Amino acid sequence: MEVPVDTGPRQAGGGLGVARSTSSGRAARASAIPWARFSAWLECVCVVTFDLELGQALELVYPSDFRLTDKEKSSICYLSFPDSHSGCLGDTQFSFRMRQCGGQKSLWHGDDRPYNSKAPLALQREPAHYLGYVYFRQVKDSSMKRGYFQKSLVLVSRLPFVRLFQSLLSLIAPEYFEKLAPCLEAVCNEIDQWPAPVPGQTLNLPVMGVVIQVRIPSRVDKLEPNPPKQCDQENLLPAPVVLTSVHELDLFRCFRPVLTHVQTLWELMLLGEPLVVLAPSPDVSSELVLALTSCLQPLKFCCDFRPYFTIHDSEFKELTTRTQAPPNVVLGVTNPFFIKTLQHWPHVLRIGEPKMSGDLPKQVKLKKPSRLKTLDTKPGLYTSYTAHLHRDKALLKRLLKGVQKKRPWDAQSALLRRHLLELTQSFIIPLEHYMASLMPLQKSITPWKSPPQICPFRQDDFLRSLEHAGPQLTCILKGDWLGLYRRFFKSPHFDGWYRQRHKEMAQKLEALHLEAICEANIEAWMKDKSEVEVVDLVLKLREKLVRAQGHQLPVKEVTLQRAQLYIDTVIGSLPKDLQAVLCPP
C-alpha cells in the first residue's frame, strides 16, 4: 500500500488524511481534533527511498496531508541519506536540523506556551526549525536494479528528544522495512493516542506491543546529571522499557577522541564560535554536534547548529560564503570537500573512524589552521584559539582510570556531564548574582504608579564584582576568567541569556505590581478619581490579567481571582452606559 505525497489542503473525515483544526477553540477541544495528540510529539513521518532516475525521493508522508514545501521535501531527501563518502552498510541512525520554509506552517501548530513555560530552555520546542531523526538501511539486494536496498524512515519533530525518538525508530524501522505502509499507519495511530508531553510528568507510551516509559524534564528539576527515580509502574503488562532520559546522549562515547580538548571545545561553544565537525559518517557527526551543543546546559544554546549538513542543502551557499565572516554555527559534515570550502573557518574538528574497543582511542591533536590544506587532512582540532582556562587534569585522570577499570560508559558520561554542568554553573552564577542586584527593591513597587525600571547591565561593574564574587568561589580551575567573560559579552549566548533573564525579571516586576494593586484598598482609591482614570485602571488590569492567564506572568491563582473581583467592583461603580461599553453583552 502506498500513500502519495499530497500537499493539498487537509480534508475532514477519518484516516490518515484527516485535517488538523485551526479554529481558535482548538486548545479546549484538543483531544477531539484528529492528529492533535500525534502533533504534540511529531510533525510528520517520512519515508525516503533511492530511485535510479530521480535519486533520493520522498516516497511517503504521514499524515498524508501534512504540508511540506518543495524546498523542505528536497532538504529532507538529501539529509536522510548518508553521502557517498560515508559508505554506511547495514543500519545507521542519525539526526539533522533544517530551517522551516513555509510561512503558513504555524497555522497547524498548537500553542507552544504551556509546554515551553515549564520545560528547560534547552528542551523547548523549536520555533523555526525541524529536527529529523533518521533510521537508514542499506543492504545488498539482487532484486533491486542498483543491487542495494536503500531506504530511510524519518521522524520529523520540533522536540529535541533525540534519545526517545532514536529508541522509537529502533522499534518501528526494522518492522516497517519488512511490512511497509500498513505497519506505519498502525504506529501513527498509536502515537495519536499518547498523552501530551507535560514537563515534570512520567508517561507511559505504548507502541507496537511495547510500553516506553519516559519522564519529561521540567524547568524546576534539580540540575543533577543522575536520572530521576522511576515512578510506580502500576503493574503494567508488558513491563515498560524505561528510558532514563528523553534527550541525553552518551557523552563519553561522543567525546572519546577529543577528551583532552573538552574544555577548549566548551569554551568555543560558550563563545558561539563557528566550528566544522568533519566525521566519517552522519551518525558520528550528528552525535558529536548534539553533544557539543548540550555541554552548555543549563544555558540554552542560542547559535545555529546542523548535526548533519550536505553540499545539497538549500543553505549551502549562505553558510559557506567567503564574502563575510563565518556565521555562528556548528556544522556536522562527512564530505571532505568541506575542508576546501570552509578553509577560512577559524575552527575545524576532524574525527577519524571510531574504534569501539575498550581502550581510549588516540586523542586528536591541536593543529594550526594553516596545516588544513588537503582533502586527506589527518584527524585533529585545527584552530589558533588559545583556551582561557587551564585544563582539568584531575578529570582526565579519573576518566582514564575509569577506562582502565572498565567502568561502565554511562558512569563515565555522568562524570563528564557533571564536570561540564559545574563548569557552566561556575561561569553563570556570578552573572546571575549581578543580574539579581539590578532588580528594584520590592518596597519601591507601589500600586498606583508604574513599576520601577530594571537597572542597566554595566559590564565594567560586573567585572569589578568578580574580585570578591567570581567563579573562583565554586571552581578550582585557574585561568583568565576575565578574558573569557569579555569575549562572552560579544557572543550570541550572552545576548540570549540576558534577554531571557531580563524578560523573566520584567514579568516578575509586573506580577509584583499586580499583587500590590490586589492588596490595596481600591474603593478608597476610587473616591476622588475621575471616570477616565477609573476606566484606564480597568483596561490596565484586564491587560495584566490576560497576560497572567496566558502563562506570561508568575502569579498565584488567588491573585488572579482577586484581580477579576477588583475589575468587577470597579466596573460596578461606573454609570450604566460605561458599564455597557466595558462589558458588552
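What you see is a predicted model, and the numbers here were worked out from it, not measured in a lab.
- At a threshold of 4.0 Å, the pair Glu318-Arg99 counts as salt-bridged, since one of the basic side-chain nitrogens sits closer than that to a carboxylate oxygen.
- Contact annotation: the side chain of Val277 never approaches that of Leu331 to less than 4.5 Å [non-hydrogen atoms, C-beta and beyond].
- Few gaps surround CZ on Arg322; more than 12 heavy atoms of other groups in view lie less than 6.0 Å from it.
- Side-chain polar atoms of Arg137 and Ser152 form no donor-acceptor pair below 3.5 angstrom.
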| request: Take Glu273 and Arg487 through the salt bridge (charged side-chain N to carboxylate O under 4.0 Å, His left out) test and state the conclusion after the steps. | output: CA-CA 10 Å; Glu273 288 285 311; Arg487 287 194 65 165; 3.2 Å; yes

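- Under 3.5 Å, the side chains of Tyr135 and Asp91 contain a donor-acceptor pair of N or O atoms.
- To the nearest 0.5 Å, the span separating CG on Leu249 from OG on Ser413 amounts to 9.0 Å.
- The closest side-chain heavy-atom distance from Leu121 to Arg219 is below 4.5 Å.
- Between the OG1 atom of Thr559 and the CD atom of Gln564 there is a distance of 13.5 Å, given to the nearest 0.5 Å.
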| field | CA sep, side-chain torsions, deciding dist, call: Leu278, Ile351, side-chain contact (heavy atoms from CB on, under 4.5 Å) | value | CA-CA 6 Å; Leu278 176 60; Ile351 300 294; over 6 Å; no

| request: Any chance you could lay out the side-chain contact (heavy atoms from CB on, under 4.5 Å) test for Thr69 and Lys73, step after step, and finish with the verdict? | output: CA-CA 6 Å; Thr69 65; Lys73 289 178 191 175; over 6 Å; no

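- Looking only at atom types and distance, the side chain of Tyr385 has a donor-acceptor partner in the side chain of Glu267 under 3.5 Å away.
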| request: Start with the C-alpha distance between Arg215 and Asp221, add both sets of side-chain angles, then the distance that settles salt bridge (charged side-chain N to carboxylate O under 4.0 Å, His left out), and finish with yes or no. | output: CA-CA 11 Å; Arg215 184 183 182 279; Asp221 290 345; 2.8 Å; yes

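- Put simply, the side chain of Leu131 does not reach to within 4.5 Å of the side chain of Met98, judged on heavy atoms.
- Counting all heavy atoms, side chain and backbone alike, Pro120 lies closest to Pro217 at CD-O, 3.4 Å.
- Between His347 atom NE2 and Leu342 atom CG the span is 13.0 Å, to the nearest 0.5 Å.
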| field | Audit row: Phe255, Leu420, side-chain contact (heavy atoms from CB on, under 4.5 Å) steps and yes/no | value | CA-CA 12 Å; Phe255 283 141; Leu420 291 168; 4.2 Å; yes

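- Tyr133 and Phe165 have their aromatic ring centers within a separation under 6.0 angstrom.
- Below 30°, between 30° and 60°, or above 60°: for Trp35 and Phe38 the angle between ring planes is above 60°, a perpendicular geometry.
- Here the side chains of Arg306 and Val330 are not in contact, with every heavy-atom distance at 4.5 Å or above.
- By the 4.5 Å heavy-atom criterion applied to side chains, Phe309 and Ser285 are not counted as neighbours.
- Residues Leu484 and Leu271 approach most closely at O-CD2, 3.9 Å, considering heavy atoms.
- For the pair Arg125 and Tyr115, the cation-pi test (distance below 6.0 Å, angle within 45°) is passed.
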| Criterion side chain to side chain donor-acceptor pair (under 3.5 Å) on Arg163 and Thr244, from CA distance to verdict | CA-CA 9 Å; Arg163 277 276 297 279; Thr244 54; 3.3 Å; yes

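- Summarising the geometry, atom CG belonging to Leu79 is positioned 10.0 Å from atom CD belonging to Gln56; distances are rounded to the nearest 0.5 Å.
- Between Ser80 and Phe96, the closest heavy-atom pair is OG-CE2, 3.8 Å.
- At a threshold of 4.0 Å, the pair Lys544-Glu515 does not count as salt-bridged, since none of the basic side-chain nitrogens sits closer than that to a carboxylate oxygen.
- No side-chain heavy atom of Leu155 sits less than 4.5 Å from a side-chain heavy atom of Trp41.
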| said: If you apply the rule side-chain contact (heavy atoms from CB on, under 4.5 Å), what do you find for Trp345 with Val329, and how did you get there? | reply: CA-CA 11 Å; Trp345 277 44; Val329 60; 3.2 Å; yes

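- Remark: side-chain polar atoms of Gln213 are not paired, donor with acceptor, to backbone N or O of Val241 under 3.5 angstrom.
- Of the residues Leu296, Leu265, Leu423, Thr424, the one that meets the side chain to side chain contact (heavy atoms under 4.5 Å, CB included) test with Leu270 is Leu296.
- Between the side chain of Gln93 and the backbone N or O of Gln166, at least one donor-acceptor pair lies under 3.5 Å.
- In this structure, CZ in Arg253 is found 11.0 Å from CG in Leu288, a value given to the nearest 0.5 Å.
- Side-chain contact between Asp250 and Phe252: present, with at least one pair of heavy atoms (C-beta onward) separated by less than 4.5 Å.
- Between Phe81 and Phe136, a ring centre-to-centre spacing shorter than 6.0 Å is recorded.
- In this structure, His493 has its ring center closer than 6.0 angstrom to the ring center of Phe301.
- Side-chain contact between Ile76 and Val48 is present, with at least one heavy-atom pair separated by less than 4.5 Å.
- Side-chain atoms of Ser437 come within 3.5 Å of backbone N or O of Tyr434 as a donor-acceptor pair.
- Under the ring pair (Phe, Tyr, Trp, His ring centres under 6.0 Å) criterion, His247 pairs with no residue at all, not counting sequence neighbours.
- Between the side chain of Gln201 and the backbone N or O of Ile216 there is no donor-acceptor pair closer than 3.5 Å.
- A donor-acceptor pair is defined here as one N or O able to donate and one able to accept, closer than 3.5 Å; no such pair exists between the side chain of Arg37 and the backbone of Asp192.
- Looking at His344, its side chain does come within 3.5 Å of a backbone N or O of Thr321 through a donor-acceptor pair.
- For the pair Pro197 and Phe161, the tightest heavy-atom approach, listed with the atom from each and the gap, is CB-CE1, 4.5 Å.
- Between the CG atom of Leu153 and the OG1 atom of Thr49 there is a distance of 12.0 Å, given to the nearest 0.5 Å.
- Closest of all the heavy-atom pairs between Ser314 and Ser75 is OG-OG, 4.0 Å.
- Side-chain contact, Arg97 with His129: a donor N or O sits under 3.5 Å from an acceptor N or O.
- Of the possible donor and acceptor atoms, none in the side chain of Asp495 sits under 3.5 Å from a partner among the backbone N and O of Ser491.
- Listed for the Ser74 side chain is no donor-acceptor partner under 3.5 Å among the backbone atoms of Asp70.
- Ring geometry for His312 against Tyr78 counts as parallel: the plane angle stays under 30°, on a 0 to 90° scale with 60° as the upper cut.
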| field | Evaluation steps, side chain to side chain donor-acceptor pair (under 3.5 Å), between Asp83 and Thr334 | value | CA-CA 7 Å; Asp83 64 31; Thr334 58; 2.6 Å; yes

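- No hydrogens or angles considered: nothing links the side chains of Thr92 and Asp283 as a donor-acceptor pair under 3.5 Å.
- When Gln507, His502, Gln500 are each tested for a side-chain hydrogen bond (donor to acceptor under 3.5 Å, both in side chains) with Glu504, only one passes: Gln500.
- A side-chain N or O of Trp497 and one of Glu432 form a donor-acceptor pair less than 3.5 Å apart.
- Pairing each heavy atom of Pro492 with each of Gly272, the nearest pair is CD-CA, 4.4 Å.
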